[in-house]
Amino acid sequence: NAGVMQNPRHLVRRRGQEARLRCSPMKGHSHVYWYRQLPEEGLKFMVYLQKENIIDESGMPKERFSAEFPKEGPSILRIQQVVRGDSAAYFCASSPPDRGNTGELFFGEGSRLTVL
Amino acid sequence: QQQVKQSPQSLIVQKGGISIINCAYENTAFDYFPWYQQFPGKGPALLIAIRPDVSEKKEGRFTISFNKSAKQFSLHIMDSQPGDSATYFCAASRVLTSYGKLTFGQGTILTVHP
């Protein structure tokens with residue numbers, strides 16, 4: 001049973017370019033979350049999605065960032081016109097439809113974005 | 001009010017010793033307090049978690065102590081091993097109403113010397 005798959009693992013972009021990060025949740029999981037980890041900081045919630053729906057994007061910067069989780073295919077985190085401050089590790093996590101009382105999230109290994 | 005404050009930033013322990021990491025939260029609506037372990041280059045993985053209706057939870061060498069009145073909780077690693085060297089994050093959420101929206105502490109880098 002494969003875990004949460006993220007790609008690319010490493011991405012280098014120049015300022016002004018676009019970055020697309022992909023996340024395939026664990027099999028059977030329909031809830032996807034994106035978190036950002038800046039150097040030497042904890043993870044910060046960005047967005048929570050279910051299939052074809054954005055449930056909570058309260059942690060997303062208002063501009064340049066967008067996320068989707070289409071009916072078919074992986075979830076995509078898109079960063080337009082990247083700036084150096086976007087350099088970070090972006091983690092995707094998933095959880096099953098029925099989370100019960102555990103609240104456990106399963107994280108991928110992250111996508112590390114470097115903006116030159 | 002959404003912050004979770006974690007200390008220390010880094011911790012060095014000898015093999016066999018006890019590692020203690022502390023966290024404090026502000027939002028009394030939080031009802032789920034997990035600890036995540038992260039190795040370099042990897043994603044965080046759930047280590048142990050506690051709900052506020054208990055004061056302590058133990059799983060193997062790992063114990064969470066929870067003080068609801070003080071709004072604090074801590075992770076104790078007994079008989080620390082070099083393989084425990086990692087970054088540890090505490091977190092908090094309102095699991096029944098806020099799904100997987102975790103508020104993380106800043107992390108503690110634990111180094112266990114042989």
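Letters go in sequence order (proteins before strands), and every chain restarts at 1. Owing to the predicted nature of the structure, the values given are computational and were not obtained by experimental measurement.
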Side-chain heavy atoms nearer than 4.5 Å, only ILVMFWY residues, links allowed to pass through others: does that put F69(A) and V4(A) together?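 No: no chain of side-chain contacts under 4.5 Å links F69(A) to V4(A).
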
Please determine if E18(A) and R78(A) form a salt bridge, counting it only when a charged side-chain N lies under 4.0 Å from a carboxylate O.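 Here E18(A) pairs with R78(A) in a salt bridge, since their nearest N and O are under 4.0 Å apart.
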
Between E109(A) and K42(B), is there a side-chain N and carboxylate O pair less than 4.0 Å apart?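 K42(B) and E109(A): salt-bridged.
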
Given heavy-atom pairs under 4.5 angstrom as the criterion, report whether the side chain, backbone, both or neither of Q38(B) touches chain A.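 It is the side chain, since no backbone atom gets that close.
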
What part of P44(B) lies closer than 4.5 angstrom to a heavy atom of chain A: side chain, backbone, both or neither?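 Its backbone and side chain both get close to chain A.
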
Looking just at side-chain N and O atoms, do T111(B) and H113(B) make a donor-acceptor pair shorter than 3.5 Å?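 No pair is found: no donor N or O on one side chain lies under 3.5 Å from an acceptor on the other.
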
Residue from Y36(B), F89(B), F39(B) passing ring pair (Phe, Tyr, Trp, His ring centres under 6.0 Å) with F107(A):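 Running ring pair (Phe, Tyr, Trp, His ring centres under 6.0 Å) over Y36(B), F89(B), F39(B) with F107(A) returns exactly one hit, Y36(B).
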
So what's closer than 4.5 Å to chain B heavy atoms on [X]: side chain, backbone, both or neither?
X: S94(A); result: neither
X: Y35(A); result: side chain
X: Q6(A); result: neither

